[in-house]
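Chain naming here is simple, since letters A, B, ... match the order of the sequence lines and numbering starts at 1 in each. Model, not experiment: these values are computed from the prediction.
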Amino acid sequence: MNISAPFPNLPNAPITEAIIDIVVNLTDDSSIEHVKSMKAELESDFPIFKELTSHHHEFKVSKEGLVQQYEEQSLIGYRFQSEERNEVVQLKSNGFTFNKLKPYSSWDEIFPIAMRLWAQYINILSPERVTRVATRFINQFKIPRQPFSNLGEFLHKPPAIPEAVPENIENFFSRVVTLDSDSGIGVTVTQSIRKSDEQDFLSIIFDIDTYKKVDYHPEDEAIKETLESLHEVKNKIFFNNFTDTTLERFQ
Amino acid sequence: MTSGICVIGSSSTLAVSEAAKYLDSIYCEIKAHNDESLILSQQKRNTEEALIDAVCDAVVDNWDGYGAKKINGKSYQYAMLFIEAMTPSIPIPDVSVDPDGEVCFIWYSHDRWLFSVSISGTGRLAYAGLFGRNEIHGNESFVDRIPDALHSFIKRVSTNSI
C-alpha cells in the first residue's frame, strides 16, 4: 500500500495535539525577558500567561553528612495559552513552540498562525540561527475494548506477537526512530494503547514526530519550506499506516 | 543528583497534551525497566558515577585553587542528557569539569589520539580531536541525540590502537 499526495483533509482527524517547533541559538545580547513585552500584544488571543522556569538543586555529601546545598531557579521562557485552552505558544530561550490541542482544524489554518507568532518572536529576540525545525502530530482514537489479537484491523503495521506468547494484547508500546540520509529528515513514530475514560473502549495513540537539523537565518524562507516538507512526510506516514476502515472513521 | 530519573521524553519534540504525557510516562517506565538490568545500563551507570564524582569536586568557585568556576548547573543537566543519549557502542569517557565550569567528556586512545566534548549551559557541544597529525574542532547543538559526526570521531579514537 502506498498512498501519496495529494492527501484528503479529514473533518474528524484524530489529532489530539499538533506541534510546530523551532530551536534557535540566541545571541549573547538577547534576553528571554524581552519576550514579556509581547504579553500586551498577545493578551487578547492568549490571555493565560505563565513563566517557564528550570530548577537546579545540588548537594554535596561527605562522610559527615550533607555538607552543602545549592539551589537555583532560572527563567527559560514564557507560555501563552488561549482561553479555550486549545492553543499554546511557548517562547523560550532555546526556541519557539506552537501547540494546537484538539479540536484540530487544518494545517492551512494553524500554520499561518504559528508563522505569525514566530515572526513576532524573532522580531523581539533576534536569534542568531535556527538549528532545528520539527512538526509533531499525536493522534488518538478509540477502539472497542474486547479481547483482540489483531490490531491489523486498525493499523497496517501492528506489533508482531512473538511465537508461543498469548495472543490477547493487553498493552503495547512501540517507538521507531529513523533517518532519511538523503533529505536529513528524522522521524520518530510512537504507537501505544491506553485505557479510555469509557469502560468499553481503549485508545490507540499514533504519534508522528518529524524533524530536521538545519542552519538557517531566522528570516530564511527555508524555515517555512522545511516545515511544509515535514508536514508532507507526516501525511505520508499517517495515510499509509491506517487501514481504510480506520480512515473512513475520520472522514 | 538526577541519576535514575528519566530526563528524556518519548519524542525529542516536547508536547503538552495528556496523550504526550502518557507516552512519556510509559517510555520512562521502559527505560527504568532496562536500567534495572546491569548489563543494559552498566555503561551509563559508570559514566554517571564519573560525572557525579567530577561535579562533587567542583561545587564552589576556585575549586581547583587556580580560580576555576564552580560547576555550571545547566551544563551538568545537559551532560546527564548526553549520557542518556549514549549508545552502547560509545565507550565510557573520562569526565571532568573545565575551569569555566562546563562538563567535559574525553575519549583517549594513546599519545596524540584523543577526542573531547565540552557541554555548555545552552546545550552547545564544543569538540576537539587529535588523531595523530590531524586535528579537528567544531561546535554542534545537542537536542536529544549525539550528533553523527561526534559518533564517528569517538569511534575513530576508540578503535585506534597501537
*Asks:* Between Asp215(A), Ile19(A), Val23(A), which has the largest tally of heavy atom pairs under 4.5 Å with chain B?
*Replies:*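 Ranked by heavy-atom pairs under 4.5 Å with chain B, first place is Ile19(A).
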
*Asks:* Can you confirm whether Trp63(B) sits close enough to Ile71(B) that some side-chain heavy atom of one is under 4.5 Å from a side-chain heavy atom of the other?
*Replies:*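 The answer is no; the side chains never approach within 4.5 Å.
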
*Asks:* Top residue by heavy-atom pair count (under 4.5 Å) with chain A, among Ala15(B), Pro147(B), Gly123(B)?
*Replies:*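 Heavy-atom pair counts peak at Ala15(B).
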
*Asks:* When heavy-atom pairs shorter than 4.5 Å are enumerated against chain B, which of Asn25(A), Asp21(A), Val177(A), Thr210(A) gives the highest number?
*Replies:*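 Greatest number of close heavy-atom pairs with chain B: Asn25(A).
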
*Asks:* Applying side-chain hydrogen bond (donor to acceptor under 3.5 Å, both in side chains) as the test, list every pair that has at least one member in residues 114-125 of chain B; sequence neighbours left out.
*Replies:*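 Listed by first then second residue: Asp98(B)-Ser118(B), Ser120(B)-Thr122(B).
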
*Asks:* Quick one, Ile143(A) and Arg249(A) - any side-chain contact, counting heavy atoms below 4.5 Å?
*Replies:*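 With C-beta onward as the side chain, the pair touches.
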
*Asks:* Using ring centroids (six-membered ring only for Trp), state whether Phe206(A) and Phe137(A) fall under 6.0 Å.
*Replies:*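 Not close enough - the centres of the two rings lie 6.0 Å or further apart.
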
*Asks:* Is the cationic atom of Lys100(A) (NZ for Lys, CZ for Arg) positioned less than 6.0 Å from the six-membered ring centroid of Phe98(A) and within 45 degrees of its normal?
*Replies:*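 Output no; distance or angle outside limits.
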
*Asks:* Counting heavy-atom pairs under 4.5 Å to chain A, which of Asp148(B), Ile26(B), Leu23(B) comes out on top?
*Replies:*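 Among the listed options, the one with the most contacts to chain A is Leu23(B).
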
*Asks:* Heavy-atom distances under 4.5 Å only: say whether Arg132(A) touches chain B with side chain, backbone, both or neither.
*Replies:*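 Looking at Arg132(A), just its side chain touches chain B.
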
*Asks:* Thr97(A), Asn94(A), Thr131(A), Asn99(A): which one forms the most heavy-atom pairs within less than 4.5 Å of chain B?
*Replies:*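 Top count of heavy-atom pairs under 4.5 Å with chain B: Asn99(A).
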
